[in-house]
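In what follows, a structure is listed as structure tokens, so that the remarks can point back to it.
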Amino acid sequence: MHLIKTLTRHLTSAWPAVSLSVFAAGPAAFAQTNPPVVQIQADKVTAQTPPTFYGLMTEEINFSYEGGLYGELIRNRTFKADAIQQNLKPDAYDPTKYYPARYPANPAPKYWNRVGDATLALDADTPLNDALNVSLKVDAPKAAKTAPAGVANGGFWGIPVEPRTAYKVSFFAKAAPGFSGPLTASIESTNGAVLASAVISGVTGDWRKFAATLKTKSVPPSKDNVFKITTTVPGTIWLQEVSLFPPTFKNRPNGDRADISQLLADAQPKFLRFPGGNYVEGNDFVNRFNWKQMIGPVEQRPGHKSCWGYWSTDGFGLPEFLGWCQDIGMEPVLAVFAGYTLNHDHVTNGPALAPYVQEALDEIEYVTGDASTKWGAQRIKDGYRKPFALHYVEVGNEDFFDRSGSYEGRFAQFYDALKAKYPRLKIIATTPVNSRVADVVDEHTYVNETAMEAQAFKYDSRDRNSPTKVFVGEWATQTSSPTPNMAAALGDAAWLCCLERNADVVLMQCYAPLLVNVSRLTGGDRSMQWSYNLIGYDALNSYGSPAYYAQKMFSLHQGDEVLAITAQNLPVRSAPAGRGGGSREVKSLFYSATRNHASGKITVKIVNSADAPQPVTLAISGVKSVAAKGTATVLQAANRDETNSLKDPQHVVPVTEKVKDLGANFTRTFPPCSITILELEAK
Ligand code: AHR
């Protein structure tokens, strides 16, 4: 049980500045029985809402791309999941060089199974090319019409099938002398029903690419299916880059899964922070995010081991991040590799760091350059004619973990070079620095609901004179797994109110992690590496958590001006303190207000995180009038444990209704465990 209490404590030095001015308002403010009053000064604009305030943060974690957003349905399509890579120390590593992987003497690659009496083997002696320097050898000496033989792939915990849908299959193949096929590519249910198939002829002794379309009929949606390539003619074949794509979002070739993309697009994020997170750093130098190996045709991309423990083909590489930005209308916020990896290896600033700085400059040119530039021309070749707008570049990720202290020098070298070539770029530091004045510092916060609510006034007291602004580049209320419940959504909304109120200091913010494949939450081959994530999915379906809906509400309802807002008599609740047990008092009412300058509409956000209804008086000064009628959009749940899931994806969703009895001064009762957005027609 969480207790609602009117604030009984006297003012202490721990109270944030915003409350100080409120309590100084007059003796009545101290009356304990008075209901909370939220005061909005409509004639006092404290900030222009930054154009890139609400965004997304992303990296390859929890099968976010492969097995998630990236449309590819085949797991380990390049057979490199077993690759053994060197772990080179920075002084032995040349960043411009490609270090080919080796392979264990392995009878069959991971996630591939034989069909019939075929024998499977990883074959490093029959590579497709230098990047994909291994292939799958399929020996089927006894294949026959009555005994098809070949290979099967179960996808990322299933192969999804929708009715009347066209799936694009492609692969590279070659055969031993005497075999010319045909091959059959099919999607079959695990109980053997063929759901779609195509016959592919013309396999020869040379590598060739084959493509076909697999069309389903009026079958029910399902995911307990496998993809197969089989033959009924005896022989030996080699395969590489075996790919199966469903229709993608906006029909982009090599594109994204439509349902997840739609959830993201619906929240109207304005920027994408990529490619991490830890993913930009990598576990070691060979496995860092090396963007030059993640562009061009997908079969020329070697792939690498993601720091989250699984292989990435890098089919979702730098061009695909840009395609994602383009499809959803987001601006890239580019994190560049800054010479430090998660195993604490680092390059010292000076000549050794110079190639990495050049790599970052080239990457910016790839994103922003026109056809006259080397890397801009490469981007155009990769399918993106128009240069992308880029205002922010982040140097590294969480470099406070680099105990060597090398970040000061590394940041300075990047900063100087980036500013020299792109003076208008804003450079983000991942931790406070003294060597240069960073334009922005990225601050991360992952805490439980109680702690999030306790820190929900943090930026009210931030130094307004600092030239360095804040990017809250990773944050989440960590309550309930794999995706957050209503309690977490309440903590998130409290935090978002704080960020929005302080948009003069906090320029951008994005939740993390964004995506999780919820197919297998535990065990060796699990699909989840991080326990709290915004959006969940399996091979077939996806859902947004209550926290997703809270963010969507905030993103969709914001004016372009932040208004001064204060409060009195804030209630508190007794909440679980966390791991150590016990409880602590935290405020249970949170607020922010913005206005649309052109229309005058005032958008007020009120979060009641208590388990009881809360009457609140809203007093708006600096306006001629506020209409009695307006709109309320409310996210609420019967209790804070309520959540969404694959089985019940819309259990907690916002509801919008017309409301009355509003005005320049009104009292409204906010439901327990609720996030409310009031839209007031003001003049
Ligand atoms: O969001 C998950 C991880 O948390 C990120 O990769 C890292 O930056 C942070 O520590």
Side-chain angles (χ1 to χ4, degrees), residues 55-69 264 269 271-284 287-291 304-310 312 316 321 332-346 392-403 407 410-411 428-432 438 440-448 451-452 470-484 488 491-492 495 499 508-518 521 526-536 545 547-548 551:
L56 303 180
M57 185 271 168
T58 179
E59 64 179 313
E60 182 59 277
I61 182 174
N62 303 319
F63 293 81
S64 285
Y65 312 143
E66 308 206 6
L69 181 71
L264 298 173
F271 71 86
L272 179 71
R273 173 181 175 233
F274 72 85
N278 288 357
Y279 190 59
V280 71
E281 302 166 88
N283 278 341
D284 53 68
N287 289 297
R288 69 198 178 83
F289 188 89
N290 191 345
W291 70 270
H304 76 293
K305 182 131 186 211
S306 138
C307 58
W308 295 102
Y310 54 92
S312 170
F316 196 100
F321 281 108
V333 170
L334 184 66
V336 295
F337 177 74
Y340 172 77
T341 53
L342 294 165
N343 63 352
H344 304 298
D345 283 347
H346 74 269
Y392 294 96
V393 170
E394 180 157 6
V395 178
N397 176 61
E398 294 191 337
D399 286 87
F400 44 83
F401 282 115
D402 175 11
R403 303 272 182 241
Y407 190 62
R410 289 189 287 115
F411 181 80
I428 306 171
T430 69
T431 188
V440 184
V441 64
D442 183 355
E443 299 184 356
H444 296 175
T445 187
Y446 294 110
V447 290
N448 66 21
M452 195 58 111
V470 176
F471 173 28
V472 187
E474 292 181 29
W475 64 267
T477 305
Q478 297 189 314
T479 306
S480 107
S481 181
T483 50
D492 288 355
W495 181 241
L499 303 184
M508 304 185 286
Q509 57 79 26
C510 46
Y511 185 100
L514 181 62
L515 300 171
V516 62
N517 187 318
V518 297
L521 299 179
R526 60 181 174 272
S527 60
M528 180 174 79
Q529 284 75 48
W530 189 273
S531 303
Y532 314 94
N533 312 282
L534 201 63
I535 289 173
S545 62
Y548 160 82
Q551 279 200 53

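Just so you know, ligand 1 is whichever comes first in the structure, and atom 1 is the first atom listed for that ligand.
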Checklist entry - Looking only at heavy atoms, is any part of Y279 under 4.0 Å from ligand 1, and if so is it the side chain, the backbone, or both, or is it neither? => result neither
Checklist entry - So, is H444 polar-close to ligand 1, with some N/O to N/O distance under 3.5 Å? => result no
Checklist outcome for this item: Of E281, E474, E398, the residue with the heavy atom nearest atom 3 (C) of ligand 1 is E474
Checklist entry - What protein heavy atom sits nearest atom 1 (O) of ligand 1, and how far away is it? => result Y446 OH, 2.7 Å
Checklist outcome for this item: Test ring-ring contact (aromatic ring centres under 6.0 Å, His included), reference Y446, set W495, W530, Y532, Y511, output is W530
Next on the checklist: Over 60° means perpendicular and under 30° means parallel, so tell me whether F316 and Y65 are parallel, tilted or perpendicular.
Outcome noted: parallel
Next on the checklist: So for P513, does at least one of its heavy atoms come nearer than 4.0 angstrom to any atom of ligand 1?
Outcome noted: yes
Next on the checklist: Does only the side chain of W308 get under 4.0 Å from ligand 1, or the backbone, or both, or neither? Count heavy atoms.
Outcome noted: side chain
Next on the checklist: Among Y279, Y310, W308, which residue satisfies the side-chain hydrogen bond (donor to acceptor under 3.5 Å, both in side chains) criterion with E60?
Outcome noted: Y310
Checklist entry - Should R273 and E474 count as an ion pair when the cut-off is N to O under 4.0 Å? => result yes
Item to check | Residue and atom name of the nearest protein heavy atom (relative to atom 6 (O) of ligand 1), distance in Å to one decimal | outcome: E59 OE2, 2.5 Å
Checklist entry - Going through the distances and angles, do D399 and T430 end up as a side-chain hydrogen bond (donor to acceptor under 3.5 Å, both in side chains)? => result CA-CA 6 Å; D399 286 87; T430 69; 2.8 Å; yes
Item to check | Partner of T477 under side-chain hydrogen bond (donor to acceptor under 3.5 Å, both in side chains), chosen from N448, T445, D492 | outcome: D492
Item to check | For N278, atoms of ligand 1 separated by under 4.0 Å from a heavy atom | outcome: 5 (C), 6 (O), 7 (C), 8 (O)
